[in-house]
Visitor: 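Dropping the structure in here first, questions after.
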Amino acid sequence: MNSLKFFSLVLVLVALTGSINAQKYLTKNGNIRFYSDTPMEKIEAINKQVNAAIDLSTNQIVFKVLMKSFEFEKALMQEHFNENYAESDKYPNATFNGKILNFKATDLDKGKQTVDIEGDLTIHGVTKKIKTKGTLEKKGEKIIGNAVFPIKPTDHGIKIPSAVVKNIAESIETTVNISLDPAK
Amino acid sequence: MSKKLIIILLAILAIALVAGALVYKFVYNKPHPDYISLKPDFTLTAENLFNAFTSDQTTASTTYNGKVVELSGKISKTEQADSLVIAVFVFKQGDFGDEGIRCSMDPRENQKALGLTPNQDVKIKGYLTGYNGTDIILEKCSISQ
């Protein structure tokens, strides 16, 4: 998604929020980790500088992820990821634009909530609708969010060469951990 | 089998083993670059870099993404998030709060970064991973001045 679309989305978010801006929560240090497990190889990567925003008045949720910020244990894996699979030069960002379903902000007063999240996940320039479960919890001023869901590289037009097809899981476990502050 | 042939076969085997070990060490297991000691591909002011990305993201991404850049400017603040220390240049206020350049420090440079005071002139070098619509992100940063 290009930045123009992103900004129009942000504008829509802002327009929707209006005077109840206090309902918006943000972080620029969200964590996303993915894990590919096959008998041949375990591959793990983490990105600690993820932009995330939740608007509790509209239940909108937005993520912006820089592909090159994923850190791998092995430099070679990181190179292969950026050059051959994610093609990070061509598609530097991944985004998620979605909604928390059947949820009211006041539910958070009752403690940790399991929620359904649905939206568009764009990776490698290919958008796919996903639905997953996650949790939201209020801790003091902050909102803590977690979700674990699978991503299939083939859903996003990422081709895995047959030579390494045994080394990369068909479905990659993705873990999201965010700690959001109220927007000022 | 003649003695000579055995010696040749053993020699080939030895070379193959050494080659395999070298490939393992330097290709499969090659270390991450040490960004602290790398020479920057670009040296510019933090403000010029921010303007480059906000005025023409496509050109700036092609030029700077994945490169080592050294930025000079007045640091706005440092933040801590879990084990990360992030030095921030702020240039704009947007719907996501402060917008600018966020430099996450190499852990070896954390103490130095935490010692910075707002508005201090600094030179920060790091690996630029891109622009996410609000901020330009640098990783593995070090303070050269």
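Heavy atoms only: backbone and side chains are in, while hydrogens, waters and symmetry mates are out. Chain naming here is simple, since letters A, B, ... match the order of the sequence lines and numbering starts at 1 in each. These figures come from a predicted structure and were not determined experimentally.
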Visitor: Quick check on the structure: residues of residues 105-121 of chain B within a heavy-atom distance below 4.5 Å of chain A, by number.
Guide: none

Visitor: Please answer: with hydrophobic residues joined when any side-chain heavy atoms are less than 4.5 Å apart, are A/Phe70 and A/Phe96 in the same cluster?
Guide: yes

Visitor: Do A/Ile123 and A/Ile178 sit in one hydrophobic cluster, given that two such residues count as connected whenever their side-chain heavy atoms are within less than 4.5 Å of each other, even indirectly?
Guide: yes

Visitor: Hey, is B/Asp82 close enough to A/Lys48 for a salt bridge, meaning N to O under 4.0 Å?
Guide: no

Visitor: Do any of residues 41-48 of chain B come closer than 4.5 Å to chain A, heavy atom to heavy atom, and if so which ones, in number order?
Guide: none

Visitor: What residue, out of A/Leu66, A/Val50, A/Leu76, A/Asn82, has the most heavy-atom pairs lying under 4.5 Å from chain B?
Guide: A/Leu66

Visitor: Tell me whether B/Lys125 at atom NZ has more than 12 heavy atoms from other residues, nucleotides or ligands lying less than 6.0 Å away.
Guide: yes

Visitor: Around atom NZ of A/Lys159, are there more than 12 heavy atoms of other residues, nucleotides or ligands at under 6.0 Å?
Guide: no

Visitor: Is it the side chain or the backbone of A/Gln78 that comes within 4.5 Å of chain B heavy atoms, both, or neither?
Guide: side chain

Visitor: Using heavy-atom distances under 4.5 Å, tell me whether B/Thr54 contacts chain A through its side chain, its backbone, both, or neither.
Guide: neither

Visitor: Which atom pairs, one a donor and one an acceptor, fall under 3.5 Å between side chains of residues 22-31 of chain B and the rest of the protein, sequence neighbours left out?
Guide:
unit_1	atom_1	unit_2	atom_2	d
B/Tyr24	OH	B/Asn29	ND2	3.3
B/Tyr28	OH	A/Glu41	OE2	2.6
B/Asn29	OD1	A/Lys74	NZ	2.7
B/Lys30	NZ	A/Glu79	OE1	3.3
B/Lys30	NZ	A/Glu79	OE2	2.3

Visitor: Taking all non-hydrogen atoms of both residues, which atom of A/Glu73 and which atom of B/His32 are closest, and how far apart?
Guide: O-NE2, 3.1 Å

Visitor: Taking 4.5 Å as the heavy-atom cut-off, does anything in residues 59-78 of chain B contact chain A, and if so which residues?
Guide: B/Asn65, B/Gly66

Visitor: For B/Leu138, is it the side chain, the backbone, both or neither that has a heavy atom under 4.5 Å from a heavy atom of chain A?
Guide: backbone

Visitor: Please tell me whether B/Val122 and B/Leu128 are part of a single hydrophobic cluster in this structure, the criterion being side-chain heavy atoms less than 4.5 Å apart.
Guide: yes

Visitor: Distance from B/Gln80 atom CD to A/Asn29 atom CG, nearest 0.5 Å?
Guide: 11.0 Å

Visitor: Are B/Thr129 and A/Gln49 side-chain neighbours, meaning at least one heavy-atom pair lies under 4.5 Å?
Guide: no

Visitor: Using the rule that two of Ile, Leu, Val, Met, Phe, Trp, Tyr join whenever any of their side-chain heavy atoms come within less than 4.5 Å, decide whether A/Ile46 and B/Ile137 are in one cluster.
Guide: no

Visitor: Show the nearest heavy-atom pair for residues B/Gly97 and A/Leu26, with the distance to one decimal.
Guide: N-CD1, 4.3 Å

Visitor: Hey, any chance A/Ile144 and A/Val115 share a hydrophobic cluster, counting ILVMFWY side chains that come within less than 4.5 Å of each other, even indirectly?
Guide: no

Visitor: Would the number of heavy atoms belonging to other residues, nucleotides or ligands and lying under 6.0 Å from NZ of A/Lys68 be above 12?
Guide: yes

Visitor: Shortest non-hydrogen contact from B/Asn132 to A/Lys64?
Guide: O-CE, 2.7 Å

Visitor: Answer with side chain, backbone, both or neither: which region of A/Met67 has an atom nearer than 4.5 Å to a non-hydrogen atom of chain B?
Guide: neither

Visitor: Considering residues, nucleotides and ligands other than A/Asp109, do more than 12 of their heavy atoms fall under 6.0 Å from its CG?
Guide: yes

Visitor: Around atom NZ of A/Lys128, are there more than 12 heavy atoms of other residues, nucleotides or ligands at under 6.0 Å?
Guide: no

